[in-house]
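Note on naming: letters A, B, ... go to the chains in the order of the sequence lines (proteins, then strands), and numbering restarts at 1 for each one. Note that the structure is a prediction, hence the values are computed from the model and not measured.
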Protein chains: 4
Amino acid sequence: MQTEAGAKDTRAQLINAAIDMFHEKGFQKTRVSDIVAAARVAQGTFYLYFKSKDDVFLHIAAEFKGLFAEVIEGADNLFAGTSADEIRANLLVFIRDLVRLYSENKKMAKLLFYESGQHDCSFRNTWQDLYLDFIDMTRRQLEQNRDSAFLSFEDAETEAAFLVGLFSRSLFYFIELKNDIDIETLSRRMTAFVLGGLSKQSASGGI
Amino acid sequence: MQTEAGAKDTRAQLINAAIDMFHEKGFQKTRVSDIVAAARVAQGTFYLYFKSKDDVFLHIAAEFKGLFAEVIEGADNLFAGTSADEIRANLLVFIRDLVRLYSENKKMAKLLFYESGQHDCSFRNTWQDLYLDFIDMTRRQLEQNRDSAFLSFEDAETEAAFLVGLFSRSLFYFIELKNDIDIETLSRRMTAFVLGGLSKQSASGGI
Amino acid sequence: MQTEAGAKDTRAQLINAAIDMFHEKGFQKTRVSDIVAAARVAQGTFYLYFKSKDDVFLHIAAEFKGLFAEVIEGADNLFAGTSADEIRANLLVFIRDLVRLYSENKKMAKLLFYESGQHDCSFRNTWQDLYLDFIDMTRRQLEQNRDSAFLSFEDAETEAAFLVGLFSRSLFYFIELKNDIDIETLSRRMTAFVLGGLSKQSASGGI
Amino acid sequence: MQTEAGAKDTRAQLINAAIDMFHEKGFQKTRVSDIVAAARVAQGTFYLYFKSKDDVFLHIAAEFKGLFAEVIEGADNLFAGTSADEIRANLLVFIRDLVRLYSENKKMAKLLFYESGQHDCSFRNTWQDLYLDFIDMTRRQLEQNRDSAFLSFEDAETEAAFLVGLFSRSLFYFIELKNDIDIETLSRRMTAFVLGGLSKQSASGGI
DNA sequence: TATGAATGAGTTTTCATTCAT
DNA sequence: AATGAATGAAAACTCATTCAT
């Protein structure tokens, strides 16, 4: 019924429909029949492109994971700098990239956030691995700057977990409640809060 | 099969089994037959104590929500104080209570965290309301101390979201990965990080 | 709806219904819905007793294979004897047992005969193994009597294959076409034909 | 994709692919997609040459049935002869033709053998009719020689069924297990065994 | 002739819930 | 209170066949 170009369309239609439905009803409550209805194709068509409902989820997850991993892996010396402003500027770039990624892929991001604990070990683990990678990358970058005149932390791992937790959870608050968040402002304030948490003063007890 | 005293036992067995199974497989993938098998009772027995699978989940959720709400509602003037140490001490008490609550109810906490986005509106909303209450309570307490010599924030809501996000997400990292976290140390460092994020210096740009 | 005794009934009902339907429509064309309709139980009930349609077939097959293997393994010195009559009497007992087995389990026998080439390797192989065992047992018993004054054959394996082929295929002719075959007569004539095929005269060319 | 000459090729490719797949997986478990994959043509191409999956099976069956019927119908006075050797020679020609037919069309023969009990009445019946024709032809030829000095049988039908059963079943043993059977030897020994079974001596009780 | 994406009716399978004992 | 076999509605999934290109 469609040309080769159509095939790509159908696949994309199905993925978009799946994202919409998963987002709206959750993975488990979404029926394959919901997806094909939203994509306006027949039931069987779904199985031309995906082995199962799990399979389409995995494809969606893999795509977002790829985007996410890119940002994580591209991060370099987040906390380096010979002045507070330089550090802040470095960190801001990274945080802004992440905020942008989440807000440009709201549905996917939310979907994966909530579904990450629900799936097969294979998926659950790769997703958790990514989260752990995020923490670990942050920890390493902190440790590279253990001697910084501006930073203070105990074992780096703990502070990295705080940072990543703050980031990944609070973003949902803004994404779910504010339809159009101001990426620039949010990134700046998140950067400020995080650096405050890591600053010499806070650790030294002088608040 | 059981004495009169056994009735309470059976109900508790079912609830514990349900927590275990929901925690292990997620709500949707857990079958009533999994729960009764874990509780070592017959299939029909389940329905003597709960109206449905949803019902037992709601009971579990309600219990944790009650404990959680208690801590939230008990919080009073978290950020008040005439010295940095006094503020820190106040905040520490609250954070320690929460950390303790989570670590004493690991499975429930994790379960509700992951399922919070999954359920029928009735539950989803009450749970999200609690989360929003948490943020709102934090916001109000921040605003009460807008003139504090030690604190600095813009609209309070944003900082409250950071704080709650940091708390609720990073705890999972510690709970899932570290079998025995040191509540005292973790609370202290979380307090320090949060106060750093809210401190005058960080906001003023001096890091 | 039924007592424990009922459980056995239900299982037996399902097996009988399955045998009837497989026999009537063939394994592949039989739907689980045909079986449950014939057994007068609900669709889901089937899955309380069997994992799948394949599973119930395997149970049926295993039962018949057990009966069949018993007869095969019980055979002893079929071709021994110091007179033609003695040999004939020995062989007759065995053949009569087999004819009886088939005619008492017509549907199962026919079912397995036709379906034996259709199933998973595991089943296909065990079934073929039984057939090969039948041939091999016959071959061994022939070879034990290679020096018999009354028997003549070249490599025994070939004659064993003839004998088993004659038996297993021609029985279907009688079972399918004659509703009540005379077990006694058929066994006697089959014995006579087989012994004729193995007799000295036939091999020596004197017919 | 193919030249005019290619059309014949495509049809032949499809038939060969179908024989291979039916032989390997059975008719029911073979999907049209298996056949077209094996034939290396597109899904739709199949329907240019055959009306349905059943149709291609029927074509295959018809071809083998034609070959088979030729041999059956060509048989003439199999058991006639004024000496044992003459009878044996006559019978040998016929049996050798059949053995050759089977061994030259192994897959088709095996396929039809196993599927003969599976199909819609139209095919099942025509195939079974052929089998019954085989038996009936044999019976008639036996009866034509009821007065033979060399043959002995009771009702001819029974002996015919033995003979045909022996032939059609034991051949599978040799075809499936021995990759290269010796047609000449097998035919000779089958002839000898059959004639032994029909000989005066065996029937008279002298073995 | 050839293609292969699309179809949808027809199956298998699952599992929360009921109810007779 | 407890049991566990039975239920059947609701899904997931298959695959022969069609048809626009």
task: Take the protein atom CG of A/Asp34 and the nucleotide atom P of F/dA12, then report the distance between them rounded to whole Å.
output: 8 Å
- prompt: Considering heavy-atom distances to DNA chain F, does A/Thr45 or C/Val41 have its closest nucleotide positioned more toward the 5' end?
  reply: C/Val41
query: Going by heavy atoms in the side chains, are B/Lys110 and B/Ile175 under 4.5 Å from each other?
result: no
query: Is B/Gln28 close to A/Lys29 at the side-chain level, that is, under 4.5 Å between some pair of heavy atoms?
result: yes
message: What is the distance, to the nearest angstrom, from the CD atom on C/Gln28 to the C1' atom on F/dC15?
response: 13 Å
query: Does the D/Asn105 side chain pair with the main chain of D/Tyr102, one donor and one acceptor, at a distance under 3.5 Å?
result: no
field: Rounded distance [0.5 Å steps], OG1 in C/Thr45 versus CZ in C/Phe50
entry: 12.0 Å
- request: Without swapping roles, check the side chain of B/Asp20 against the backbone of B/Ala17 for a donor-acceptor pair under 3.5 Å.
  value: no
- prompt: Does A/Tyr47 place a side-chain N or O at less than 4.0 Å from the phosphate oxygens OP1/OP2 of E/dG8?
  reply: no
Matching residue for A/Val56 among A/Phe27, A/Tyr49, A/Phe22 - test: side-chain contact (heavy atoms from CB on, under 4.5 Å): A/Phe22
statement: Between CZ of B/Phe46 and C1' of E/dC15 the distance, given in whole Å, is 13 Å
message: Rounding to an integer number of Å, can you tell me how far D/Asp55 CG sits from F/dT17 P?
response: 10 Å
Distances under 3.5 Å between protein N/O atoms and the N/O atoms of nucleotides 9-11 of chain E, please, pair by pair.
from, atom 1, to, atom 2, distance (Å)
E/dT11, O5', C/Arg31, NE, 3.1

query: Tell me, what's DNA chain F's dot-bracket, Watson-Crick or G-U with both distances under 3.5 Å, | for other-strand, [ ] crossing?
result: .||||||||||||||||||||
field: B/Lys107 and B/Leu111, any side-chain heavy atoms less than 4.5 Å apart
entry: no
Value in whole Å for how far the C1' atom of F/dA11 lies from CZ of A/Phe27: 13 Å
field: Length of the line joining B/Leu14:CG and F/dT3:C1', which is rounded to integer Å
entry: 13 Å
field: Expected output: side-chain A/Lys53 to main-chain A/Thr30 donor-acceptor under 3.5 Å
entry: yes
message: I need the CG-P distance between D/Leu48 and F/dT17, as an integer number of Å.
response: 14 Å
- prompt: Which comes earlier along DNA chain E counting from the 5' end, the contact point of B/Lys51 or that of A/Arg40, where each point is its nearest nucleotide?
  reply: A/Arg40
- prompt: Rounded to whole angstrom units, what separation is found between the CZ atom of A/Phe50 and the P atom of E/dA6?
  reply: 12 Å
- request: Output yes when at least one side-chain N/O atom of D/Thr10 is less than 4.0 Å from OP1 or OP2 of E/dA2, else no.
  value: yes
statement: Distance col, row D/Arg31:CZ vs D/Gln43:CD, nearest 0.5 angstrom, shows 10.0 Å
